[in-house]
Engineer: 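First the structure, which I've put down as structure tokens, then a few questions once you've had a look.
So that the names make sense, note that chain A is the first sequence line, chain B the second, and so on, each numbered from 1.
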2 protein chains.
Amino acid sequence: MELSDDAPIVTTPGVAPAGGTLAERLFHQLFEAILQGELAPGSKISEPLLAQKYSVSRGPLREALHRLQERHLITRSANHGSRVAEATPASLSELFKVREMLESLAAREAALNCTAEDLMTLQSMVDLHEARILGTAPERQTGLSSVDRDFHFLIAQRSNNPFLIRLLCHELYPLLRLYRSKYRNTDYRKRALLEHRRILGALEDKDPDMAEMMMRRHIAGARERRLETMGDDGSAQPKRRAKRADVQR
Amino acid sequence: MELSDDAPIVTTPGVAPAGGTLAERLFHQLFEAILQGELAPGSKISEPLLAQKYSVSRGPLREALHRLQERHLITRSANHGSRVAEATPASLSELFKVREMLESLAAREAALNCTAEDLMTLQSMVDLHEARILGTAPERQTGLSSVDRDFHFLIAQRSNNPFLIRLLCHELYPLLRLYRSKYRNTDYRKRALLEHRRILGALEDKDPDMAEMMMRRHIAGARERRLETMGDDGSAQPKRRAKRADVQR
DNA sequence: ATCGTAAAATCTGTTGACAGAATCGCGCTG
DNA sequence: CAGCGCGATTCTGTCAACAGATTTTACGAT
């Protein structure tokens, strides 16, 4: 049974983990718990408590923690334990700069690889996006940005570049989710819709250069708007956390 | 004691691991062993044997293995054990495409961040590069491409973007080393030297757009030449890049 | 009352042992 | 001689216990 990496972690939020091994399952559960905000960012992780909470011994738990460390969802200090990663404005800006390059590459490749069916799927996503903005379709809880996510996610997949897919879907997108609750971007959905249409048009034209440029501008614009709404530009850290969130229980 | 991530793994090959914890040390040792080729790519990893070889129990070893899994230096299957990652031509091409985007971003940022001292350091690297090509300086064993590595490494550092630095120095560069022995690129050092000079010139001019474009061409060219010497091209789309309209901002 | 110090409690790092699964080897059968 | 089944062995996954380090707590001195 392959369980190496490309398991359905980010693919669709509703998938069941259910990995064969216990450490694997724990990894996915903690992964989601951190991104969902159930484990407070910056809070200390107590191995005995977590082990008890998930009804496992510390062995598999520590293996899962070591994997989360490599995904930079937690930090570990020798003999001091683990802490859940924190989200700073500076790192959000850095993430977006990298995202700009990687997604524009994905768009370039996708322009060559997208099938007619893929284009139809993307079209329906954009249509749904519009329907939601106009209030025609009901907005489910998670539905606010989910259609946006799916759009970018499918393009990443169609890059047909496993390494790129991994960086985007398994590393960058999850980290972005850390900021979702903390720094909400104000309403630029109409803007995003327009830009999505342009990107889709470039994909339909099978124009890699155009698709790349469109995506690059799309992400760059999103980054700038996001940073504006956050008040401070990402260069300097905003304000040292007054008090640190305490251990979760 | 912080030992989270930015430990000297790729920085300079000769650093001592000596992490505080045993699992940490093991991780670094195995990391180097795999990249050095001491653990044959594709070979199966026996936990009892490795544990005995490094004189530790299986606990810390498994923790280190789980970290290596996230770095994609090994693959794990439930109840089937671990295998050392393998290097295929296709994945090399994929790596280079991502590298092209990430390093061009790094060059862009470095153009804004490089100090006069940095520029002097880079200049000396280029000079050393030339001396080696002309045979003026002795070529040490590892010295063949080390100067090239240092050049790119310093530029990555000067991006001042921790996330980008991590992707390049901790993930992409190590994976590239997997191919170093398997697919040697024939002699393009003179070409590389010229392109390095151009990149350095753009950095000296504090010209982000130019630095980005130069680096992008540099990596793209290296990828094409590399794939040519490998006989088979690693991807489906061979040479549809007669000339490419670089995206500018 | 505050600060410093020492003992107690807790936590992390590590080890060894056990249970289930997979692989290997051997003998049997066609 | 090839293919298959079955037992033995090895390996992976998991757990509980120990040792060193750290944090907390209690106590006494200033």
Engineer: For B/Glu63 and D/dT12, give me the distance from atom CD to atom C1', rounded to whole Å.
Structural biologist: 16 Å
Engineer: Is the distance from OP1 or OP2 of D/dT12 to the nearest side-chain N or O of A/Thr21 less than 4.0 Å?
Structural biologist: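 For D/dT12, neither OP1 nor OP2 has a side-chain N or O of A/Thr21 closer than 4.0 Å.
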Engineer: Write down the distance between CG (B/Leu26) and C1' (C/dT14), rounded to a whole number of angstrom.
Structural biologist: 12 Å
Engineer: Name the closest nucleotide to the A/Ala23 side chain, picking from D/dT12, D/dT14, C/dT15.
Structural biologist: D/dT14
Engineer: Find the distance B/Arg83:CZ to C/dT23:P and express it as a whole number of Å.
Structural biologist: 10 Å
Engineer: Verify the contact: side-chain N or O of B/Lys44 to OP1 or OP2 of C/dA22, cut-off strictly under 4.0 Å; return yes or no.
Structural biologist: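 Answer is no, no contact under 4.0 Å.
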Engineer: Under 4.0 Å between a side-chain N or O of B/Arg76 and OP1 or OP2 of D/dG13?
Structural biologist: yes
Engineer: Looking across every strand, which nucleic acid part, if any, lies under 4.0 Å from B/Leu65 by heavy atom: base, sugar-phosphate, or nothing?
Structural biologist: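 It contacts nothing in the nucleic acid.
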Engineer: Could you tell me the separation between the CG atom of A/Leu49 and the P atom of C/dC11, rounded to a whole number of Å?
Structural biologist: 6 Å
Engineer: Using side-chain contact (heavy atoms from CB on, under 4.5 Å) as the criterion, list what pairs up with B/Arg158, not counting sequence neighbours.
Structural biologist: B/Ala110, B/Cys114, B/Asp118, B/Leu154
Engineer: Is the side chain of B/Thr121 donor-acceptor paired with the backbone N or O of B/Glu117 at a distance under 3.5 Å, no angle test?
Structural biologist: yes
Engineer: Between B/Glu24 (CD) and C/dT14 (P), how many Å, whole number?
Structural biologist: 10 Å
Engineer: Take atom CZ of B/Arg62 and atom C1' of C/dG16, then tell me their distance rounded to the nearest Å.
Structural biologist: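 B/Arg62 atom CZ is separated from C/dG16 atom C1' by 14 Å.
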Engineer: Please pick, from C/dT12, D/dT12, C/dT15, the nucleotide with the shortest atom-to-atom distance to any side-chain atom of B/Leu22.
Structural biologist: C/dT15
Engineer: A/Glu47 CD to C/dT14 P: how many Å, rounded?
Structural biologist: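 Going from CD in A/Glu47 over to P in C/dT14 covers 11 Å.
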Engineer: Find out whether B/Lys97 and A/Glu109 are in side-chain contact, i.e. whether some heavy atom of one side chain is under 4.5 Å from a heavy atom of the other.
Structural biologist: yes
Engineer: One pair to check against side-chain contact (heavy atoms from CB on, under 4.5 Å): A/Gln29 and A/Glu38. What are the steps and the verdict?
Structural biologist: CA-CA 11 Å; A/Gln29 289 182 246; A/Glu38 298 171 18; over 6 Å; no
Engineer: Which residues satisfy the side-chain contact (heavy atoms from CB on, under 4.5 Å) test with B/Ser57, sequence neighbours excluded?
Structural biologist: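 B/Ser57 satisfies side-chain contact (heavy atoms from CB on, under 4.5 Å) with B/Pro60 only.
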Engineer: Can you name the atoms? Protein N/O to nucleotides 16-24 of chain D N/O, anything below 3.5 Å, with the distance.
Structural biologist:
unit_1	atom_1	unit_2	atom_2	d
D/dT23	OP1	A/His80	ND1	3.1

Engineer: Could you check whether A/Arg166 makes a cation-pi contact with A/Phe163, meaning its NZ or CZ is under 6.0 Å from the centre of the six-membered ring and within 45° of the ring axis?
Structural biologist: no
Engineer: What is the distance from CZ of B/Arg25 to C1' of C/dT14, rounded to the nearest Å?
Structural biologist: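 The answer, rounded to whole Å, is 12 Å.
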Engineer: Just by modelled atom types, is the B/Ala87 backbone N or O under 3.5 Å from a matching donor or acceptor in the B/Ser91 side chain?
Structural biologist: no
